[in-house]
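Below is one structure, written out as C-alpha cells; comments come after it.
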Number of protein chains: 2
Amino acid sequence: MPNKPATIKDIAKALKVSISTVSKALHNHPNIGAITKERVLAMAKQLDYTPNITAIQFKQQKTFTLGIIVPTLLDHFYIHAVNGFEEVASKAHYTVLIGQNQESLQREKELVSVMQGNRIDGLLIAMSKETSNLDHLRKLERAGIPVMFFARKPVNETYSCVSSDVYHAAKDAVDLFVSRGHQRIAIINGPSHWTTSRDRYLGYRDGLLKNGLSPDQELICESDLTTTDNYKVLRKLMRLTDPPTAMLLFKDYLMLDIMTCLRTEFPNRYLITELIGYGALPLFSHFERPPLASLKEQPFQIGVKAGSLLLDMIKNPHQSRKPKLISLPCKLHYFKEL
Amino acid sequence: MPNKPATIKDIAKALKVSISTVSKALHNHPNIGAITKERVLAMAKQLDYTPNITAIQFKQQKTFTLGIIVPTLLDHFYIHAVNGFEEVASKAHYTVLIGQNQESLQREKELVSVMQGNRIDGLLIAMSKETSNLDHLRKLERAGIPVMFFARKPVNETYSCVSSDVYHAAKDAVDLFVSRGHQRIAIINGPSHWTTSRDRYLGYRDGLLKNGLSPDQELICESDLTTTDNYKVLRKLMRLTDPPTAMLLFKDYLMLDIMTCLRTEFPNRYLITELIGYGALPLFSHFERPPLASLKEQPFQIGVKAGSLLLDMIKNPHQSRKPKLISLPCKLHYFKEL
DNA sequence: TTGTAAGCGTTATCAA
DNA sequence: TTGATAACGCTTACAA
C-alpha cells in the first residue's frame, strides 16, 4: 500500500499555516518565527517529509545532475576518475550520470543527447577514439551547459582539460631505460590526434635528446589500441634488423598485449626486452614475471580536479571562460626490484 | 549566450494554436488533424524543441530512472551486469543511476537514500558484505519502489533475485577435478549468509557425493574475500597433513590471491595444485601459467533479465508479487589445453 | 477536431 | 512575521 510521500502542503494543513511559511521554515529563511520554525520542523519529521526533487528541479530549472562520459568502465583508470568526480559532485549535492561511449562516436552522440534531455548541468568527457568532430559538444555549450575534457583532448581545440602529466612521465621512463643501458628505445603510442599521445611523444623525444640519443623514426609507432593492431605493431618492431630492447607503451592494457605477443611469438626477445607502460595496473602484482615498471597516474585526483573546475564553471556561468589545461604528475612504479 | 530551450508554448504561439493541441500532436493523440499535426511537428523541428524532462517527471510523478547498486565497479562482473541492465532500461526509455556501496552498509544506506530522494522508479541491488539487515530496502518497497536483488541475496529472505546457477557449476567443477584424478578437493567459499555461497557449497557437496567422495570438513573453508583472509585460509589448507590438490574458489579475484600465495609461499605445491574459480577473467589469457579453468558466468544477461523483471514490477505494481528466483547457467571455461 | 483549465510541489514576489 | 498567489512546462479531463 504505497502511500504518497508528504508534501509541504500536508505540513501546512496539519499546522494550519500557509505553505510559504512552511517553505521558509524549512530553508532557514531569516524572517520566520523561532517557534513556528520549530513546529514546522517537528511536523516535517513526524510526517517523514522528503522534498520532492522533481518539483525542485522543475521549479529551479536546474537538475543538480552532472554527466560523465568515459570510453569504457572496463578500464580501471576511468572507474577511479568516475569515483573522484562523484566524490566532489556528491559533496556539492550533485548526482552523477555515467555513460560509456564504447569508443563509438555514434554512441557518444546518443549519450550526449540523452544527457541533454535529462538536463544535466555540466559534462565531463573522455572522447571516443572516433571523435574528431566536436559539434555535439559545442551544441551543449551553446545550450549553456559547460563541457570539460579529461584524459583525452583533441589537439588544436581550446577546451579545458584535466589529464596526467604524461610528458614528464615519458622523460622519466626514458631516463630509467637509459640508466639500465638501453640504447634502442621504442615508443608505441596512441592516436596522434590526442594531446595525450602528442605529449607522450614529446617527453619521449626530449628524454632521448637529454640523454644524448637521437630519435629513430623506425622506433616510433602508433597503434589504434586494438589487440590486432598492437600485435601488428610489435611484429614490425621485432622484425627490424636492430629491434628495440626497451619500449614505452601508451597504456598498461597495451602492455598486456605486447607481453603476451612477445612471449608467444618472440620468446628469445621476451626476457631481454624491458617495458614501461602507463597505468600501474594492480594485477601485475600477480604476474610471475611482471614488466619493469609503469607510470602511475592519478585518475581519482583527475576526477576530483575536473569535477571542481566543472562546478566552478556552473557556478560562474558568465566568467571569461579562459580554457584551463591542468596536468597531474605521474610516478614511476617499479614492479621488479632494481 | 545560452538562449532558453523552446517549449510547447512557443510552438503554440508560433502556430496560433493551443498548447494542448501541440501536446496532442506531439504524442500522436488519435483525434488530431493530420495537417495540424504536420504543422506542429515541422515547427517543433524548426524551433529545435526538446521536451523538458523535469517537467514531465514532475507532472507524471515518475522519473523514468532506475537505480543499480553494486559493491564495486572494479569487478568486471558488475560492469557487465550494469551494461545489461542499462540496455533494457534505455530501450524502455529509462535512465540508470549507478551506485557503489564499496562493501559498506553505511554507504549503501546513503546511496539508497539519495536514490530515493531522486525518486527512482525501481532498484536493482547486489548488497554489501556487511548488509544483513534489510530495513533500508524494505523502506523503499513500502514507498512503492520495487527492489530486486542480483548476484547476492540473503538466505531466508523472500525477495526476487537473478543470479548464476552456481550450484550446477560447482558440480561441473568437481566432475572435472575428479576426472583428472583429484581426491582431495577443497572449496574456499564466500560469506555463508549469501545464497550464492550456500548454493556453491551444495553443488560442491553433491558433486563429491555423486563421484563417491565424502565431504571433508577440513577442506571446506570460508573467506571474507579480503587478501589477508584469503592468504590465511590458504595457509591453513596447505599445512594440513594431507593438503588438497584441487580447489574450487568463490571468485577469480580470490583465485588471483590464491595463485600468488601458492607461488610465493608454497612453490612445491604450486604446480600440482589445480584451481577452478568463478568469473573467467579475460586477463588469465595473459598469464604464462593460467589456472585450470573457470566457471564463466553471464553477468550481462543477468543484468538484462533483472532489468526486464524490474520493469515488469514497475508496470504492474499491483501484481501478486510472488518473488522470483532466476538463475542463469555457467559454463566451464578452460584456460589450459586438457 | 480543437481549446480551456486544473494540477503536479516548490520557490519567490509582494501584500497584509 | 506570515499569507496569498503566480510561475515553472507539461498532461489530460472536459468543454466547445
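Chain identifiers are assigned alphabetically (A, B, ...) following the order of the sequence lines, protein sequences preceding nucleic acid strands; residue numbering begins at 1 within each chain.
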Checklist entry - Does one side chain, of B:Thr131 or B:Glu108, offer a donor that lies under 3.5 Å from an acceptor on the other? => result yes
In whole angstrom, what separates [X]'s [atom1] from [N]'s [atom2]?
| X | N | atom1 | atom2 | value |
| --- | --- | --- | --- | --- |
| A:Gln57 | D:dC8 | CD | P | 18 Å |
| B:His27 | D:dA13 | NE2 | C1' | 16 Å |
| B:Asn52 | D:dC10 | CG | C1' | 8 Å |
| A:Asn118 | D:dG9 | CG | C1' | 16 Å |
| A:Leu26 | C:dT10 | CG | P | 9 Å |
| B:Gln60 | C:dG7 | CD | C1' | 12 Å |
| A:Lys16 | D:dG3 | NZ | P | 12 Å |
| A:Ile11 | C:dT10 | CD1 | P | 8 Å |

Checklist entry - Which class fits the ring pair B:Phe77 and B:Phe150: parallel under 30°, tilted 30 to 60°, perpendicular over 60°? => result parallel
Checklist entry - Are B:Pro323 and B:Ser160 side-chain neighbours, meaning at least one heavy-atom pair lies under 4.5 Å? => result yes
Next on the checklist: Is any side-chain heavy atom of B:Pro5 closer than 4.5 Å to one of B:Tyr49?
Outcome noted: no
Identify which nucleotide among [options] has an atom closest to any side-chain atom of [X], counting heavy atoms from C-beta outward.
| X | options | result |
| --- | --- | --- |
| A:Ile19 | D:dT11, C:dT4, C:dT11 | C:dT11 |
| A:Asn31 | D:dT12, D:dT5, D:dT1 | D:dT1 |
| A:Phe58 | C:dT11, D:dG9, D:dT11 | D:dG9 |
| A:Lys9 | C:dC8, D:dG9, D:dG3 | C:dC8 |
| B:Lys24 | C:dG9, D:dA13, C:dT11 | D:dA13 |
| A:Ser18 | D:dA4, C:dC8, C:dT10 | D:dA4 |

Next on the checklist: If you count heavy atoms of other groups shown closer than 6.0 angstrom to CG of B:Asn31, is the number above 12?
Outcome noted: yes
Next on the checklist: Within the 4.0 Å heavy-atom criterion, would you say A:Thr54 contacts the bases, only the backbone, or no part of the nucleic acid?
Outcome noted: nothing
Next on the checklist: Base, sugar-phosphate or nothing for B:Ile8? Non-hydrogen atoms, less than 4.0 Å.
Outcome noted: base
Item to check | Presence of donor-acceptor pair under 3.5 Å, side chain of A:Lys59 and base of D:dA7 | outcome: yes
Short side-chain N/O contact from [X] to OP1 or OP2 of [N], under 4.0 Å:
| X | N | answer |
| --- | --- | --- |
| A:Thr36 | D:dT1 | no |
| A:Ser20 | D:dA4 | no |
| A:Gln61 | D:dG9 | yes |

Checklist outcome for this item: Per nearest nucleotide of DNA chain C, the residue lying toward the 5' end, B:Ile35 or A:Ile56, is B:Ile35
Item to check | A:Lys315 and A:Asp312: CA distance, side-chain angles, deciding distance, salt bridge (charged side-chain N to carboxylate O under 4.0 Å, His left out) verdict | outcome: CA-CA 5 Å; A:Lys315 261 184 218 145; A:Asp312 280 351; 5.1 Å; no
